[in-house]
Number of protein chains: 2
Amino acid sequence: MAKRAERRGDPIRLIGLLWRPNVSAGRSGLTPKLITDAAIGVADAEGLDAITLRRVAQELGVSAMALYPYIAGRPELIELMLDAVTSEVYATLERPAQKADWPDRVRHIAQANWEHCFRHPWTVDVKAGRPMPGPGVSQKYEIELAGLDGIGLSDLEMEYTLTSLLAMVYALAREEIELERSRAQTEQSDEDWWNEVAPLLTSAMSEYEFPLAGRVGSALGEATGRSADPQGALRHATEVTISGLAALIKDR
Amino acid sequence: MAKRAERRGDPIRLIGLLWRPNVSAGRSGLTPKLITDAAIGVADAEGLDAITLRRVAQELGVSAMALYPYIAGRPELIELMLDAVTSEVYATLERPAQKADWPDRVRHIAQANWEHCFRHPWTVDVKAGRPMPGPGVSQKYEIELAGLDGIGLSDLEMEYTLTSLLAMVYALAREEIELERSRAQTEQSDEDWWNEVAPLLTSAMSEYEFPLAGRVGSALGEATGRSADPQGALRHATEVTISGLAALIKDR
DNA sequence: ACCTGAACACCGTTCAAGT
DNA sequence: ACCTGAACACCGTTCAAGT
């Protein structure tokens, strides 16, 4: 009935599942947590498209329909997966507030989230904007706010700074991950591939002129050897942000 | 055979389709451009999930299979749609370079892209990171670089600044759009909905404490009346970025 | 009470068959 | 040369039936 990816999660069911994931083991021994962990394993290895209820159920040795009482449906399962991995961002890392300098804290937040995206690349494919916080997301938010607290920003500025910084990290990580995926799909090296495509593209573009794009593209290519560099953009933007925040804070 | 959303577009075919979209009308009168425009109409009205070859074909009065010779497949069609709408970002707007002050140019780029996301909300659902530029994307890149040229940034800094700014705009627009969608799905007002959910959430969270998140959330709620404010985050981040760039440029 | 098999209404894409 | 119908191998989800 409901087409894939169309239905949204039921927020009321989600609250219980997010915050009490260990309840109600049936005779198969299933729990929301067990199912979630199995699904994360599948997604880490095979991507978000591999998350079908049939596939996850197979991993657990039950039928797809056996999962429904525990995780409500596919959208809810993905929310559970996201919250679970979010809880691990700072599990093996210093917390931002432990850094002495506040600029290092900002860098650390960006870096920790960047790395996390690459540990679980499927997370960048999930539609954003879930309004229902789970324990993982809430804890991470608390930890990151602590890194921005007391440096001279208002509460509202802290929230805006964190939200915009994380949005930028996710979007650039997404681009970097997509670049890796296209690369992985092609057998050829970057250079070989480009040598094949470039003449076609040049002739297709022959009616147009993009002087600035050409100049800037060359500069990027010379500096990085790549045609796009999301990671470099993040590094640059993080420093610009720190510099802008410093100006904002200066006379407080 | 290929599961939905799994196959990637064929880059070689794409080049021709992107740069010469008017060729090869058969006896049905189809062209890549006609198909693309019909698909954009469907996506604007019904979202990206409504883009099935059967649905687009129906719009044009042909069978789904008739589209294949013109657009290669679903992934390629979506690339064509993206490039087509990208060409319209500055169609009815000033170009950034026409603004006298460079900070206004940066604001204008952010604003133009933000608004564009809301004109075609499905664009934020498309996976990012396409390495094959079409005419629309290339022209927009050229126009936006012109807004950053000559203000004291190096070519590499211009590219990083633009890439990171656009990444942030997309990600925050995506969050805002998702918030609107959840809102549209519920019959209740924001306040009613929250009044229903809040007690459940509070009791679920009772074992945990998030003092900073609570304080900052309250500040956000008081200032904006909302539980999340991506647009406000963008406004803040744009000003911080401008301030940071000003510091970078100052003594050049 | 819990689990399952069959069924429903979809997908993108291929390919032989029709015009 | 161009278009189409049937087929393939999938989806998420429901629900009656089994244990």
Side-chain angles (χ1 to χ4, degrees), chain A residues 1-10 13-14 17 23-32 34-36 38-39 42-43 46-81 122 125-127, chain B residues 1-10 13-14 17 23-32 34-36 38-39 42-43 46-81 122 125-127:
Chain A
M1 180 156 251
K3 268 195 312 194
R4 175 162 184 174
E6 221 172 52
R7 195 174 67 79
R8 307 183 79 82
D10 173 355
R13 289 273 327 254
L14 252 182
L17 293 171
V23 292
S24 74
R27 68 172 175 248
S28 62
L30 289 178
T31 60
L34 269 174
I35 298 171
T36 302
V42 172
E46 301 170 39
L48 193 63
D49 286 335
I51 296 297
T52 67
L53 295 187
R54 285 167 172 87
R55 178 80 182 76
V56 174
Q58 179 198 336
E59 209 72 15
L60 293 159
V62 295
S63 74
M65 312 68 158
L67 304 181
Y68 276 86
Y70 299 97
I71 50 101
R74 188 178 187 268
E76 291 86 351
L77 173 58
I78 290 174
E79 297 296 313
L80 295 174
M81 293 165 65
W122 53 272
D125 298 320
V126 179
K127 286 205 182 135
Chain B
M1 180 157 250
K3 267 195 314 190
R4 178 164 183 171
E6 219 171 55
R7 195 174 66 80
R8 307 182 81 82
D10 172 356
R13 290 272 329 249
L14 251 182
L17 293 170
V23 292
S24 73
R27 68 173 177 249
S28 62
L30 289 177
T31 61
L34 268 173
I35 298 171
T36 303
V42 172
E46 302 170 38
L48 192 65
D49 287 334
I51 297 297
T52 67
L53 296 188
R54 284 165 173 89
R55 177 81 183 74
V56 174
Q58 180 198 337
E59 210 72 15
L60 293 160
V62 296
S63 75
M65 313 69 160
L67 304 181
Y68 275 87
Y70 300 96
I71 50 99
R74 187 177 189 268
E76 290 86 351
L77 174 58
I78 290 174
E79 297 296 313
L80 294 174
M81 294 167 62
W122 53 272
D125 298 321
V126 179
K127 286 206 184 135

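Every chain is numbered from 1 and lettered A, B, ... according to where its sequence line falls, protein lines coming before strand lines. These values consider heavy atoms only, across backbone and side chains, with no hydrogens, waters or symmetry-generated copies.
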Nearest of [options] to any side-chain atom of [X]?
X	options	answer
Pro75(B)	dT14(D), dT4(D), dT13(C)	dT13(C)
Arg54(B)	dT13(C), dT4(D), dG12(D)	dT13(C)
Arg74(A)	dT14(C), dG12(D), dT4(C)	dG12(D)
Leu53(B)	dG12(D), dG12(C), dA6(C)	dG12(C)
Thr52(A)	dT4(C), dG12(D), dC3(D)	dG12(D)

_salt bridge (Lys or Arg N to Asp or Glu O under 4.0 Å) against Arg55(A), all qualifying residues, sequence neighbours excluded_ =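 Residues passing salt bridge (Lys or Arg N to Asp or Glu O under 4.0 Å) with Arg55(A): Glu46(A), Glu59(A).
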
Given atom [atom1] of [X] and atom [atom2] of [N], what is their separation to the nearest angstrom?
X	N	atom1	atom2	answer
Ile51(A)	dC10(D)	CD1	P	17 Å
Leu67(B)	dT4(D)	CG	C1'	12 Å
Gln58(A)	dC11(D)	CD	P	10 Å
Asp49(A)	dC10(D)	CG	C1'	12 Å
Asp10(B)	dG12(C)	CG	C1'	16 Å
Arg13(A)	dT13(D)	CZ	C1'	13 Å
Arg55(A)	dC10(D)	CZ	P	13 Å
Leu30(A)	dT4(C)	CG	C1'	13 Å

Search all heavy atoms of [X] against all heavy atoms of [Y] and return the closest pair with its distance.
X	Y	answer
Ala72(B)	Leu17(B)	CB-CD1, 4.2 Å
Ile71(A)	Pro32(A)	CG2-CA, 4.4 Å
Ala66(B)	Leu30(B)	O-CD1, 4.1 Å
Ile35(A)	Tyr70(A)	CD1-CB, 3.5 Å

_Counterpart residues, side-chain contact (heavy atoms from CB on, under 4.5 Å), relative to Ala43(B) (two or more places apart)_ =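 Once residues adjacent in sequence are excluded, the partners of Ala43(B) under the side-chain contact (heavy atoms from CB on, under 4.5 Å) criterion are Ile51(B), Met81(B), Trp122(B).
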
*Flag, side chain of Glu76(B) to backbone of Asp10(B), donor-acceptor distance under 3.5 Å*: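 Pair found, side chain donor or acceptor close to backbone of Asp10(B).
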
*Return one dot-bracket line describing DNA chain C 5' to 3' (Watson-Crick or G-U wobble pairs, both distances under 3.5 Å; ( ) same strand, [ ] crossing, | another strand, . none).*
||.|||||...|||||.||

*For Tyr68(B) and dT13(C), is the shortest distance between a side-chain N/O and OP1 or OP2 below 4.0 Å?*
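True: Tyr68(B) side-chain N/O within range (under 4.0 Å) of dT13(C) OP1/OP2.
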
